[in-house]
Amino acid sequence: MFGKKVKFLQAWFLLGLFLLPFVFWPWAKIPYEIPKVWFFQKWVEILGLIACVLSLTKKLSPTGGPKKPTLVYLVELFCLVALLSSLLGVDFGKSLVGNYYRADGLLTLFHFTVFFLFLFFFWDESWLPAVYKTIAAGSFLLCYRDWE
């Protein structure tokens, strides 16, 4: 991959991994789950947007190449079947958003799909040590806060 563009994409990816355990909103009915889902969705949207812009401007090319492997087709088929079943179901709005207390609807499923596609096409093995350190640092700081 290419220098600064990859570093920016990797930095955004690592920042989201680091911040996710700290996300909460004390005034929400469920202070952890809904804000974490909201944060995850926004983080993935920006991550996908950055990856798309860098790919379209040809400053960064996906490592997966132009062909779609079978796994990508299966994930896309699963999302299509989920969308069709919710369209044919009783309450499409409820299927789209999901349960209020969990936000586990199709929007979250599509965000997980975008996250999967990002990892599938842009993951580089050189990111692994940084991911380990980021998760460890976030976990340590979260636990350290409880020691006081």
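Computed from a prediction, not measured in an experiment: that's the story for all the values here.
Grouping the Ile, Leu, Val, Met, Phe, Trp and Tyr side chains by contacts below 4.5 angstrom, directly or via other members, places Trp127 with Leu20. Tyr132 and Leu142 fall within the same hydrophobic cluster, where Ile, Leu, Val, Met, Phe, Trp and Tyr residues are linked whenever their side-chain heavy atoms come under 4.5 Å apart, directly or through other members. Note on Phe122: it clusters hydrophobically with Leu17, by side-chain heavy-atom contacts below 4.5 Å among ILVMFWY residues.
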Test side chain to side chain contact (heavy atoms under 4.5 Å, CB included) applied to Lys36 and Phe24, step by step
CA-CA 7 Å; Lys36 279 188 193 307; Phe24 76 101; 5.8 Å; no
Walk me through whether Leu141 and Phe22 qualify under side chain to side chain contact (heavy atoms under 4.5 Å, CB included).
CA-CA 9 Å; Leu141 287 175; Phe22 298 102; 3.6 Å; yes
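No side-chain heavy atom of Trp25 sits less than 4.5 Å from a side-chain heavy atom of Trp38. Looking only at side-chain heavy atoms (C-beta outward), Val44 and Phe118 stay at 4.5 Å or farther from each other.
The distance from the CD1 atom of Ile50 to the CH2 atom of Trp12 is 6.0 Å, given to the nearest 0.5 Å. A distance of 8.5 Å separates CZ of Phe112 from CD of Gln41, quoted to the nearest 0.5 Å. Here the straight-line distance linking atom CD of Glu76 with atom OG1 of Thr113 works out to 9.0 Å at 0.5 Å rounding. Atoms NZ and CG, on Lys42 and Leu47 in that order, are 14.0 Å from each other to the nearest 0.5 Å. Rounded to the nearest 0.5 angstrom, Leu71 CG and Tyr73 OH are separated by 12.0 Å.
Every residue meeting the side-chain contact (heavy atoms from CB on, under 4.5 Å) condition with Ala137, not counting sequence neighbours, appears here in chain and number order: Phe18. In this structure, the side-chain contact (heavy atoms from CB on, under 4.5 Å) partners of Leu74, at least two apart in sequence or on a different chain, are Thr70.
The two residues Pro31 and Pro26 have their closest heavy-atom pair at CB-CA, 4.0 Å. Between Phe121 and Val72, the closest heavy-atom pair is CZ-CG2, 4.3 Å.
In summary, of the residues considered (Thr134, Ile135, Leu9), a side chain to side chain contact (heavy atoms under 4.5 Å, CB included) with Leu14 occurs for Thr134 alone.
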Show me the donor-acceptor pairs, under 3.5 Å and distance only, between side chains in residues 78-89 and residues at least two apart or in other chains.
residue	atom	partner	partner atom	Å
Ser85	OG	Val81	O	3.2
Ser85	OG	Ala82	O	2.9
Ser86	OG	Ala82	O	3.4
Ser86	OG	Leu83	O	2.8

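Between Trp43 and Phe115, the gap from one ring centroid to the other is short of 6.0 Å.
Summarising the local packing, NZ of Lys133 is surrounded by 12 or fewer heavy atoms from other residues, nucleotides or ligands at distances under 6.0 Å.
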